[in-house]
Amino acid sequence: MLKEVMLILTEGCNLSCSYCFEHYKSDKRMKFETAKKIIDAEMSMEDGADECRFTLFGGEPFLEKQIIKEIYGYIESNMPKWRKKAVIFVNTNGTLLDAEMKQWLRERKEHIYCGISLDGTREMHNQNRSDSFDRIDLDFFRECWPGQNVKMTVSKETLPSLAEGVIFIHEKGFPCGCTFAYGLEWSDDLIHGLKGQLDKLVAYYTENPNLPLCQILNIDLTGILKKPDAGFKRCGAGELMKAYDTEGKLYPCHSFSPVGWERKRGNLWIINCLQRIFTKKNAAWNVSIILSARLVTG
């Protein structure tokens with residue numbers, strides 16, 4: 001069984017994305033001693049997991065290149081004493097990798113993986129992500145991790161180009177993990193526009209059946225249609241997934257960590273998040289579910 005442990009290395013970021021849910025960035029950073037204690041505890045824990053994926057998160061984790069190297073070295077040198085396997089994954093915007101860091105990663109690409117955020121075409125990406133498209137070396141990421149999903153986030157502004165963005169990412173040689181921006185207000189016009197974009201994607205994937213479907217058209221319908229019981233959950237937060245903030249405090253996942261909190265309202269924010277899951281503001285997923293079913297049933 002695989003468990004995911006997220007280490008929030010920093011609350012800082014070098015970009016200012018239009019839809020970012022992390023509203024309270026700061027210069028806080030995780031100390032290596034804190035990371036070591038977490039790694040030791042998680043790798044020694046008798047929790048039924050036989051593999052642990054340490055996901056390095058931020059902010060932008062490559063603001064903290066040194067601790068990434070230290071974490072890798074510590075895990076690599078201590079693997080013989082642990083029963084669990086371990087792998088490192090880094091979520092990154094891809095803009096801070098100089099030649100030295102690229103070479104360091106290239107030499108360790110079988111043990112440390114990177115996933116980039118790319119919001120579609122140059123125009124779409126720059127609209128959302130601080131004009132940063134030309135600072136990402138796509139060839140490097142494709143060379144090192146050719147099967148790794150690119151994370152494409154769709155904002156209100158880029159929704160009219162959703163299909164174009166997904167197709168662009170596929171044509172660059174990547175699978176596409178496409179999601180919607182947090183807090184997107186779903187009007188009837190937006191939902192209608194989304195349906196048109198998804199129709200285009202259905203046609204594209206029908207013509208290219210060997211491509212992996214993007215996330216919004218690859219929903220597990222059995223999970224959606226299953227009648228919830230008392231123990232029903234749609235994610236592994238707090239069980240198969242957990243997150244530690246820069247100070248080493250434990251949370252069910254990164255979404256509950258302080259960098260994303262509206263601190264003045266505290267738990268009220270969390271309650272509101274849960275309530276939003278069941279409102280029509282998420283009706284866009286219903287459209288995705290219907291079109292996913294069309295792909296399955298023809």
Pairwise distance CG(Asp50) to CG(Leu2) - rounded to 0.5 angstrom: 8.0 Å
Positive for side-chain contact (heavy atoms from CB on, under 4.5 Å) with Met152, one of Asn128, Val166, Leu118: Val166
salt_bridge(Glu143, Arg106) N-O dist < 4.0 Å: yes
Greater than 12 external heavy atoms within 6.0 Å of Lys65's NZ: yes
Point-to-point distance, once rounded to the nearest 0.5 Å, from CG of Asn149 to NZ of Lys151: 11.5 Å
Residues forming a ring-ring contact (aromatic ring centres under 6.0 Å, His included) with Phe57, sequence neighbours excluded: His254
Side-chain heavy-atom pair Cys214, Leu201 within 4.5 angstrom cut-off: yes
Any side-chain heavy-atom pair of Leu56 and Ile67 under 4.5 Å: no
Thr121 (side chain) donor-acceptor with Met124 (main chain) under 3.5 angstrom: yes
Cluster overlap Met45 with Leu240, hydrophobic side-chain contacts below 4.5 Å: no
Closest contact, heavy atoms only, Ile38 versus Leu7: CG2-CD2, 3.6 Å
Chi angles and distances behind the side-chain contact (heavy atoms from CB on, under 4.5 Å) call for Met30, Glu64: CA-CA 9 Å; Met30 183 176 285; Glu64 304 299 328; over 6 Å; no
Any side-chain donor near an acceptor of the partner, Tyr205 and Asn218, under 3.5 Å: no
Joint hydrophobic cluster, Val154 plus Tyr19, side-chain heavy atoms closer than 4.5 Å: no
Full working for salt bridge (charged side-chain N to carboxylate O under 4.0 Å, His left out) between Lys31 and Glu33: CA-CA 5 Å; Lys31 296 178 180 178; Glu33 288 301 317; over 6 Å; no
Closest contact, heavy atoms only, Trp82 versus Ile75: CZ3-O, 3.9 Å
From Leu217 atom CG to Leu198 atom CG, the distance as rounded to the nearest 0.5 Å: 5.5 Å
Pair Asn93-Thr95, side-chain donor/acceptor within less than 3.5 Å: yes
Shortest non-hydrogen contact from His125 toward Asp119: ND1-N, 3.1 Å
Matching residue for Asp137 among Lys172, Lys102, Arg142 - test: salt bridge (Lys or Arg N to Asp or Glu O under 4.0 Å): Lys102
Polar side-chain atom of Ser77 near backbone of Tyr74 as donor-acceptor pair, under 3.5 Å: yes
Donor-acceptor contact below 3.5 Å, side chain Lys156 vs main chain Leu190: no
Ionic contact status for Lys69 with Glu100, cut-off 4.0 Å: yes
CZ (Arg108) with more than 12 external heavy atoms under 6.0 Å: yes
Short side-chain donor-acceptor distance under 3.5 Å, Gln127 and Glu123: no
Cluster overlap Phe21 with Ile8, hydrophobic side-chain contacts below 4.5 Å: no
Plane angle bin for His111 and Tyr72 - parallel if under 30°, tilted between 30 and 60°, otherwise perpendicular: tilted
Minimal non-hydrogen separation, Ala163 against Gln197, with atom names: N-OE1, 2.8 Å
Aromatic plane relationship, Phe133 with Phe168 - under 30° parallel, 30 to 60° tilted, over 60° perpendicular: tilted
Thr10 side-chain N/O to Gly12 backbone N/O, donor-acceptor pair under 3.5 Å: yes
Hphob cluster co-occupancy, Phe180 + Ile191, side-chain heavy atoms under 4.5 angstrom: yes
Polar side-chain atom of Trp145 near backbone of Ile112 as donor-acceptor pair, under 3.5 Å: yes
Nearest non-hydrogen partners of Pro175 and Gln148, listed with the distance: CD-O, 3.6 Å
Carboxylate-amine/guanidinium contact Lys37 Asp40, below 4.0 Å: no
OG on Ser117 to CG on Asn91, rounded to 0.5 Å: 7.0 Å
Side chain Ser155, main chain Thr158, donor-acceptor under 3.5 Å: yes
Evaluation steps, side-chain contact (heavy atoms from CB on, under 4.5 Å), between Thr34 and Tyr244: CA-CA 10 Å; Thr34 301; Tyr244 292 88; over 6 Å; no
Sidechain-backbone polar pair: Thr153 side chain, Ala181 backbone, donor-acceptor under 3.5 Å: no
Heavy-atom neighbours of Lys3 NZ exceed 12 at 6.0 Å: yes
Within one Ile-Leu-Val-Met-Phe-Trp-Tyr cluster: Val150 and Phe89, side-chain cutoff 4.5 Å: yes
Single hit among Leu97, Leu9, Asp98 for side-chain contact (heavy atoms from CB on, under 4.5 Å) with Phe62: Leu97
Phe54 and its side-chain contact (heavy atoms from CB on, under 4.5 Å) partner, picked from Glu4, Met6, Met43: Met43
Between CD on residue Glu11 and OG1 on residue Thr246, distance to nearest 0.5 Å: 4.5 Å
Nearest heavy atoms of Asp134 and Arg122, plus distance in Å: OD1-NH2, 2.8 Å
Approximate separation, where rounding is to 0.5 Å, of Cys114 SG and Leu105 CG: 5.0 Å
Side-chain touch Leu15/Arg135, heavy atoms, less than 4.5 angstrom: yes
